[in-house]
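Here is the structure we will look at, set down as structure tokens.
Keep in mind that this is a model prediction, so the values were computed, not measured.
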Amino acid sequence: MKPTQSQQKALKDFENFISKRNTISLSFSLVILIAYYAFILCVGLIPDVLGYRVGDTAISLGIVSGLGIIFLCVISTGIYVFIANSFFDSENSRLIEELEKNDLIDSLKEGKINYKDRQ
């Protein structure tokens, strides 16, 4: 099946959307993974540093770092949810309508065409 000009545009828009969404989600995932594994490396390689007390309290640098990673996860999740709700959801709905209008949804679901393989 050779897609028409409007079908090719719909598939190109869909591909661009998927690419943007994946790039953003992978970026957030990398930030979290790097922070987490840096913390784990510090625990394994320099545990004495993480044991330093913060001021005159009983709180150690390791606890502060661990809470910082948790805080980073919550903040990055919040940012991603904001982006998803304000952009991804509306764009996704628009693209699905465009794909349905061009009779491409069933072909994509059944694997008859691939949005990346446009001829």
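- Taking CD of Gln8 as the reference point, atom NZ of Lys12 lies at 11.0 Å (rounded to 0.5 Å).
- A continuous path of Ile, Leu, Val, Met, Phe, Trp and Tyr side chains, each step under 4.5 Å between heavy atoms, connects Phe17 with Ile105, placing both in one hydrophobic cluster.
- In this structure the side chain of Ile32 reaches within 4.5 angstrom of the side chain of Ser76, judged on heavy atoms.
- Cluster annotation: Leu50 is connected to Tyr37 through the hydrophobic network of ILVMFWY side chains, with a link wherever side-chain heavy atoms come within less than 4.5 Å.
- Distance check, rounded to the nearest 0.5 Å: CD of Gln7 to CG of Leu99 gives 9.5 Å.
- Minimum interatomic distance between Asn102 and Ala10 (heavy atoms only, all atoms of both residues): ND2-CB, 3.6 Å.
- For the pair Phe39/Val43, a side-chain contact is recorded, criterion being any heavy-atom separation below 4.5 Å from C-beta on.
- Atom CD of Glu110 has more than 12 heavy atoms from other residues, nucleotides or ligands within 6.0 Å.
- In this structure, the separation between CD1 on Ile70 and OG on Ser65 is 11.0 Å, given to the nearest 0.5 Å.
- When side chains are defined from C-beta on, Ile24 does not count as touching Phe87, because their heavy atoms never get closer than 4.5 Å.
- To the nearest 0.5 Å, atoms CD1 (Ile40) and CG (Leu45) are separated by 11.0 Å.
- Taken to the nearest 0.5 Å, the CD1 atom of Ile63 stands 7.5 Å off from the CZ atom of Arg53.
- In this structure, the side chain of Ser27 engages the main chain of Thr23 through a donor-acceptor pair within 3.5 Å.
- To the nearest 0.5 angstrom, Glu100 atom CD is 7.0 Å from Ile96 atom CD1.
- Using a 4.5 Å heavy-atom threshold, the side chains of Leu108 and Leu11 count as touching.
- Put simply, Ile34 and Phe28 are part of two different groups of oily side chains (I, L, V, M, F, W, Y) that touch within less than 4.5 Å, one to the next.
- Under a hydrophobic clustering in which Ile, Leu, Val, Met, Phe, Trp and Tyr are joined whenever their side-chain heavy atoms come within less than 4.5 Å, directly or via other members, Val64 and Ile69 fall into different clusters.
- Contact check on Glu97 versus Lys101 returns no salt bridge, with no Lys/Arg side-chain nitrogen under 4.0 Å from an Asp/Glu carboxylate oxygen.
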